[in-house]
*Asks:* 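Sharing a structure here in structure tokens format.
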Amino acid sequence: MKLATWNVNSLKQRMPRVLEFLAEHRPDVLCMQETKTTAEAFPHAELETAGYLAADNSGGRWAGVAVLAPAATPPIAVVTGLPGEVDAEERRWIEAEVAGVRVASVYVPNGRALGTPTFAAKLRFFDAMRARVTALLAERGGGLVVTGDMNVAAADLDVYDPAAFSESTHVTPDERGRLEALLAEGMVDAYRELSPDGVGYTWWDYRAGHFHKHLGLRIDLALVSTDLAPRLRSAGIDRSYRKGPKPSDHAPLIVEWDGAPP
DNA sequence: ATGTCACACCGTGTGTGA
């Protein structure tokens with residue numbers, strides 16, 4: 001099964017690149033974040049022409065998440081929102097069953113700055129996400145993938161200049177500890193599992209030529225339940241989608257494991 | 001370089017969020 005996750009930073013702006021990506025990679029599931037669209041404007045028809053059906057949690061101008069899958073194995077049993085999250089209207093969580101796997105697309109709050117109410121809300125979001133993972137693993141026993149923009153760099157290897165981030169969000173023990181606690185419930189960071197020493201940045205600031213200077217962060221993750229971990233085949237970032245016309249500031253992460261959809 | 005991009009708003013620039 002081939003899964004991709006991509007923070008598209010406005011689906012309206014990114015549709016040409018999304019269609020290009022679907023045609024090139026033909027993923028069995030694509031999780032998107034920051035779709036920034038209303039439910040009414042979500043481009044279901046265009047995606048269906050490309051062979052994909054979408055389940056979306058859309059709230060308008062900010063955030064928004066979606067799960068896409070081919071028409072033969074569409075996203076079903078959709079759940080939107082995360083029990084315990086601070087503001088479900090921010091539209092940061094959607095789950096669907098795709099080919100027998102429960103897939104969640106998540107856009108964790110940025111947190112803006114340390115010591116702010118939004119940072120506290122970010123930590124509470126992590127707590128809610130962990131509780132949901134605990135419940136899903138207890139219910140299903142496995143077959144779970146949680147993927148998206150986690151807005152945390154798990155280790156200094158995932159940060160282009162750890163010293164420059166010393167007073168910043170994304171790298172604090174509070175954030176890293178919450179990601180670690182979620183993983184301890186029975187999840188594995190797919191890219192890191194397959195590339196223990198890899199520098200797999202997924203986001204680069206639009207400003208100051210950071211992409212071309214290789215100044216990025218690895219903050220988009222695919223977390224798979226431990227039963228799937230031995231079946232992981234590949235995990236990589238397609239940097240070509242950070243280049244060319246109208247790129248997102250994130251590149252897609254693509255993960256494959258053994259066990260194909262019917 | 002405080003460096004860019006995307007959004008809403010009556011807007012032809014400014015504030016907000018990332």
Side-chain angles (χ1 to χ4, degrees), chain A residues 5-21 31-43 46 56-66 85-94 105-126 129 147-154 158-161 163-172 174-176 178-179 201-221 237-253:
Chain A
T5 182
W6 193 8
N7 180 323
V8 295
N9 185 17
S10 173
L11 190 51
K12 183 180 178 185
Q13 296 299 322
R14 218 63 61 211
M15 265 307 270
R17 304 305 302 268
V18 170
L19 294 173
E20 177 190 351
F21 181 83
C31 295
M32 295 191 294
Q33 301 84 36
E34 285 205 83
T35 48
K36 294 185 175 177
T37 177
T38 61
E40 295 73 24
F42 194 96
E46 273 183 275
D56 67 303
N57 188 7
S58 303
R61 68 195 88 160
W62 309 122
V65 288
E85 70 177 309
V86 173
D87 185 358
E89 289 309 303
E90 291 188 351
R91 314 281 180 164
R92 297 181 177 277
W93 180 270
I94 188 169
S105 177
V106 61
Y107 174 45
V108 172
N110 173 286
R112 293 187 202 168
L114 303 187
T116 61
T118 50
F119 186 76
K122 177 179 189 175
L123 299 182
R124 289 204 294 278
F125 189 95
F126 273 119
M129 185 160 61
T147 186
D149 181 352
M150 304 293 171
N151 266 321
V152 59
D158 302 314
V159 183
Y160 67 88
D161 184 357
F165 278 77
S166 63
E167 299 300 321
S168 303
T169 61
H170 293 63
V171 301
T172 64
D174 276 340
E175 293 158 286
R176 288 175 169 174
R178 277 167 173 81
L179 176 62
Y201 300 150
T202 62
W203 173 86
W204 302 259
D205 200 307
Y206 279 122
R207 294 170 288 191
H210 275 201
F211 177 71
H212 292 101
K213 295 174 187 170
H214 305 288
L215 307 178
L217 301 177
R218 189 176 74 92
I219 54 176
D220 299 270
L221 307 180
I237 296 95
D238 190 345
R239 299 172 77 258
S240 70
Y241 288 87
R242 185 60 179 75
K243 309 174 186 175
K246 289 184 79 68
S248 171
D249 48 352
H250 296 250
L253 169 68

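Predicted, not measured: the structure shown is a model, and the values here were computed from it.
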*Asks:* Phosphate oxygens OP1/OP2 of dT4(B): is one of them under 4.0 Å from a side-chain N or O of R207(A)?
*Replies:* no

*Asks:* Fill in the dot-bracket string of DNA chain B, one character per base: . for unpaired, | for a pair to another strand, ( ) or [ ] for pairs within the strand, taking Watson-Crick or G-U pairs under 3.5 Å.
*Replies:* ...((((((...))))))

*Asks:* Nearest to the side chain of S10(A), heavy atoms from C-beta on, is which of dC7(B), dG3(B), dA18(B)?
*Replies:* dC7(B)

*Asks:* Provide the full list of salt bridge (Lys or Arg N to Asp or Glu O under 4.0 Å) pairs with a residue in residues 107-116 of chain A, sequence neighbours left out, each pair given once.
*Replies:* none

*Asks:* Identify, between P247(A) and K213(A), the residue whose nearest nucleotide on DNA chain B lies closer to the 5' end.
*Replies:* K213(A)

*Asks:* Looking at dA6(B), I'd like to know if its phosphate oxygens (OP1 or OP2) sit under 4.0 Å from a side-chain N or O belonging to K246(A).
*Replies:* yes

*Asks:* State whether R112(A) places a side-chain N or O below 4.0 Å from either non-bridging phosphate oxygen (OP1 or OP2) of dT16(B).
*Replies:* no

*Asks:* Strictly below 4.0 Å, N to O, side chains only: are R178(A) and E175(A) in salt-bridge contact?
*Replies:* no

*Asks:* On a whole-Å scale, what distance lies between the C1' atoms belonging to dT14(B) and dC10(B)?
*Replies:* 12 Å

*Asks:* Round to the nearest Å and state the distance from D249(A) atom CG to dC5(B) atom P.
*Replies:* 10 Å

*Asks:* For DNA chain B, whose closest nucleotide is more 5', that of Y206(A) or that of N7(A)?
*Replies:* Y206(A)

*Asks:* Does OP1 or OP2 of dG17(B) have a side-chain N or O of R61(A) closer than 4.0 Å?
*Replies:* no

